[in-house]
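Reminder, nothing fancy here: chain letters follow the sequence lines and each chain counts from 1.
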2 protein chains.
Amino acid sequence: MDSQKRLDYLLDVLRERGNRLTPQRVAILRALVRNDNHPSAEQIHGEILRDFPTTSLATVYKTIALLKEIGEILELGFGDDGSRFDGRKPYPHPHLICTQCGAILDSEVDNFNKLIDNLASRNGFSVQTHRFDIFGLCSACNKN
Amino acid sequence: MDSQKRLDYLLDVLRERGNRLTPQRVAILRALVRNDNHPSAEQIHGEILRDFPTTSLATVYKTIALLKEIGEILELGFGDDGSRFDGRKPYPHPHLICTQCGAILDSEVDNFNKLIDNLASRNGFSVQTHRFDIFGLCSACNKN
DNA sequence: TTTGATGCAAAGTATTTGCAGACTG
DNA sequence: CAGTCTGCAAATACTTTGCATCAAA
């Protein structure tokens, strides 16, 4: 799904819920679905400030909380500065995280859900969600 | 490896490094390697207080930092209250985390490292470490 | 005796919250 | 016009740090 379609979808969902589409909120959504972007709250805030200089970090967090509530954002709970977020693919999937430059690549694994279910059922566990993160050096940082 | 062996091993490592084996430090290690235990700093502190009532939380964190430095503890970076730790198996492995009672079960997956290497090399990524956590309800909580 | 460890309190940092005023619908 | 959203500042909560004192080796 490209950024524009994803943005339009999110705007529709919020409209239907009766949420207001303020300029700040739209700008935050836009930053969240921007291509190849797994921004932190701080990074989103920085981007927003260009267009809406008075936007506060609290508003960014509140919008993220709203998206969490409706399951349209995935929180990647790591980072030396705060958490980073995936607003494009809000379902759990593997991430490749570069420990040097901070880049985050999405990935997929065949039959991964089956693997998880097997693992869980072996322990009498029922799965709600999961997290799978691989840390290392991206191809660009490997060359340096 | 049972708790006692693991504890003795850690004590040896620290001794060889020239670290002092204070009563507090030994008590913290003991709490960390206790069976089926993935305690938080706060939980460790609570257990320590029984025997050494003046032990501070800062000392717990300092000991954990020391163990991180020498790669003998795994930090599980989640929890509504602080992070939890695995002092028995300090290498990455899957965890089953109960979102109701907070229990954490260790697990293993055959050929998991191979799966990770495949995934990473496909993206020109070199792996340093990883994290694989499954959230859900443990067997006990499923019955309630 | 030496020097690393402890414990207290204060600082740090990411995130959340309360509330008055602003603005969307 | 009603009620939600914003923005500020203060509150939270986990973790780290500085420093004087203590004690392991």
Q: What is the separation between atom CD1 on B:Ile73 and atom P on D:dT15, rounded to the nearest whole Å?
A: 12 Å
Q: May I ask whether A:Phe135 and A:Leu74 are part of the same hydrophobic cluster, defined by side-chain heavy atoms of I, L, V, M, F, W, Y residues being less than 4.5 angstrom apart, directly or through others?
A: yes
Q: Measure from CD1 on B:Ile44 to P on D:dC14 and round the result to the nearest Å.
A: 14 Å
Q: Quickly work out the B:Arg17 CZ to C:dG4 P distance and round it to whole Å.
A: 12 Å
Q: Taking ring pair (Phe, Tyr, Trp, His ring centres under 6.0 Å) as the test, write out the residues that go with B:His95, two or more places apart.
A: B:His38, B:His93
Q: Using atom CG of B:Leu66 as one end and atom C1' of C:dG4 as the other, report the distance to the nearest whole Å.
A: 11 Å
Q: Using five base pairs at each end to define the local axes, how bent is the helix from C:dT1-D:dA25 to C:dG25-D:dC1, to the nearest 10°?
A: 40°
Q: Please check: side-chain N/O of A:Arg6 versus main-chain N/O of A:Gly87, any donor-acceptor pairing under 3.5 Å?
A: yes
Q: Verify the contact: side-chain N or O of A:Ser56 to OP1 or OP2 of D:dT6, cut-off strictly under 4.0 Å; return yes or no.
A: no
Q: Over all heavy atoms of both residues, which pair between B:Gly77 and B:Ser83 is shortest? Give the atoms and the distance, please.
A: CA-OG, 3.3 Å
Q: Output the rounded distance in Å from CZ (A:Arg25) to C1' (D:dT4).
A: 8 Å
Q: Please check the phosphate of D:dA23 (OP1 and OP2 only) for any side-chain N or O of B:Gln24 closer than 4.0 Å.
A: no
Q: Residues two or more places apart in sequence or in another chain: which of them pass side-chain hydrogen bond (donor to acceptor under 3.5 Å, both in side chains) with A:Arg50?
A: none
Q: Going 5' to 3' along nucleotides 15-25 of chain C, which nucleotides have protein heavy atoms under 4.0 Å from the base (write B), which only from the sugar-phosphate (write S), and which from neither (write -)?
A: SBBB----BBS
Q: How close do B:Leu119 and A:Leu96 get, heavy atom to heavy atom, and via which atoms?
A: O-CD1, 4.4 Å
Q: Any idea which heavy atoms bring B:Leu49 and B:Thr55 closest together, and the distance?
A: CD2-O, 3.6 Å
Q: If you look only at distance, which donor and acceptor atoms sit under 3.5 Å apart when one is on a side chain in residues 108-118 of chain A and the other is two or more places apart or in another chain?
A:
| residue | atom | partner | partner atom | Å |
| --- | --- | --- | --- | --- |
| A:Glu108 | OE2 | A:Lys89 | NZ | 2.9 |

Q: Expressed as a whole number of angstroms, how long is the span from B:Ile64:CD1 to D:dT15:P?
A: 8 Å
Q: Starting from P on D:dT6, measure out to CG on A:Leu49 and report it in whole angstrom.
A: 14 Å
Q: Compare all side-chain heavy atoms of A:His130 with those of B:Asp133 and state whether any distance is below 4.5 angstrom.
A: no
Q: What's the shortest heavy-atom distance between A:Pro39 and A:Leu32, and which atoms?
A: CG-CD2, 4.2 Å
Q: Rounding to an integer number of Å, can you tell me how far B:His45 NE2 sits from C:dT6 P?
A: 12 Å
Q: If you restrict it to nitrogen or oxygen atoms, what contacts under 3.5 Å exist between nucleotides 20-22 of chain D and the protein, and what is each distance?
A:
none

Q: A:Leu66, A:Val33: one ILVMFWY side-chain cluster at the under-4.5 Å cut-off?
A: yes
